[in-house]
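Below you'll find the structure, written out as structure tokens, and then a few comments.
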Amino acid sequence: MDQGSIARILKQVSGGGDEIQQLQKALLDYLDENTEIDASLVFSRKFYVAQWFRDTTMETEKAIKSQKDEDSSEGTHHAKDVETTGQIMHRAESRKKFLRSIIKTAPSQFSTLKMNSDTVDYEDACLIVRYLASMRPFAQSFDIYLTQ
């Protein structure tokens, strides 16, 4: 991954939220801008929003399950794990709130949500997609699957 380009995109987008949320917003803006050129981008946009929402929900469920497992084992790292679980829950809720606001937005309002129409081009959008895909659990454990 080209971290320099990712940093440049994040600097150009400069929205609130975490890095992942900013990249998601930039990609959604790119898809919105180009729906007139390619109608399939409307589907792509809806797919990404649904997938990100699902990922956030799964992350929250894993954090809750992890916390319950730690509660039953009463480990020595319990306080640290609870803090981490709380951070995961907070981050997940902010991402869900962001995605809900995107879902509730009517198509006619897409243009008012755009930060800057020149922020992301096709190459940047491809880079964002690759970067966000690399953050998914399957991509992170792909080497394990290959060795098995």
Side-chain angles (χ1 to χ4, degrees), residues 1-73 75 77-142:
M1 287 293 155
D2 185 4
Q3 280 301 113
S5 294
I6 295 291
R8 178 185 48 81
I9 294 168
L10 286 171
K11 195 180 300 182
Q12 289 174 345
V13 172
S14 67
D18 63 359
E19 171 182 293
I20 302 295
Q21 193 171 335
Q22 291 176 3
L23 291 172
Q24 289 173 345
K25 179 72 171 138
L27 181 60
L28 292 175
D29 288 345
Y30 171 79
L31 293 173
D32 290 341
E33 291 171 14
N34 294 296
T35 55
E36 294 152 5
I37 298 169
D38 187 0
S40 67
L41 294 180
V42 173
F43 173 77
S44 298
R45 183 183 188 280
K46 290 179 182 180
F47 172 80
Y48 279 126
V49 170
Q51 188 65 46
W52 295 332
F53 196 87
R54 180 185 168 278
D55 290 347
T56 302
T57 303
M58 295 299 287
E59 182 180 335
T60 304
E61 289 174 0
K62 285 181 183 178
I64 290 171
K65 184 179 178 183
S66 170
Q67 183 179 13
K68 286 181 183 178
D69 291 344
E70 288 295 322
D71 287 343
S72 64
S73 68
H77 302 289
H78 180 66
K80 183 180 178 183
D81 290 340
V82 170
E83 181 182 0
T84 304
T85 303
Q87 291 171 349
I88 291 170
M89 297 291 284
H90 178 67
R91 184 175 62 238
E93 286 304 314
S94 68
R95 286 183 183 169
K96 281 184 178 182
K97 184 178 178 182
F98 163 72
L99 292 170
R100 280 190 203 105
S101 70
I102 296 295
I103 292 169
K104 291 178 183 178
T105 305
S108 62
Q109 296 174 332
F110 288 164
S111 60
T112 60
L113 287 177
K114 294 177 188 169
M115 288 181 236
N116 183 0
S117 61
D118 298 330
T119 300
V120 178
D121 60 1
Y122 178 77
E123 289 80 22
D124 288 344
C126 290
L127 179 65
I128 291 171
V129 169
R130 286 193 310 268
Y131 181 79
L132 292 175
S134 72
M135 304 300 281
R136 294 182 48 82
F138 180 75
Q140 292 177 348
S141 60
F142 194 66

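Please read all numbers here as calculations on a predicted model, not as lab measurements.
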Checking Y48 against L132 for the side chain to side chain contact (heavy atoms under 4.5 Å, CB included) test, could you report, in this order, the C-alpha distance in whole Å, the side-chain angles of both residues, the deciding distance, and whether it holds?
CA-CA 10 Å; Y48 279 126; L132 292 175; over 6 Å; no
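In this structure, K62 and E59 have side chains that are not in contact, with every pair of non-hydrogen atoms separated by 4.5 Å or more. You'll find the side chain of K96 reaches within 4.5 Å of the side chain of T57, heavy atoms only. Considering only heavy atoms from C-beta on, Y122 stays 4.5 Å or farther from N34 through its side chain. When side chains are defined from C-beta on, M89 counts as touching I64, because their heavy atoms get closer than 4.5 Å. Two residues are said to be in side-chain contact when any heavy atoms from C-beta on lie closer than 4.5 Å; L23 and L10 meet this criterion.
Closest of all the heavy-atom pairs between L127 and S5 is CD2-CB, 3.2 Å. Closest heavy-atom contact between A125 and V120: N-CG1, 3.6 Å. Annotation for A92 and T56: closest pair O-CG2, 3.2 Å, computed over non-hydrogen atoms. When all heavy atoms of R45 and L28 are compared, the pair lying nearest together is CG-CD2, 3.6 Å.
Salt bridge absent: R95 and D55 never bring a charged side-chain N and a carboxylate O closer than 4.0 Å.
In this structure, the separation between CD on E19 and CD on Q24 is 11.0 Å, given to the nearest 0.5 Å. Interatomic distance, CD1 of I20 versus OH of Y131, reported as 5.0 Å (0.5 Å rounding). Atom CD1 of I128 sits about 5.5 Å away from atom CG of L27, to the nearest 0.5 Å. Atom NZ of K25 sits about 10.0 Å away from atom CD of Q21, to the nearest 0.5 Å. The NZ atom of K65 sits 9.5 Å away from atom CE of M58, with the distance rounded to the nearest 0.5 Å. With rounding to the nearest 0.5 Å, the separation of CH2 in W52 from CD1 in I102 is 9.0 Å.
Contacts of F53 classified as ring-ring contact (aromatic ring centres under 6.0 Å, His included), with partners at least two apart in sequence or in another chain: none.
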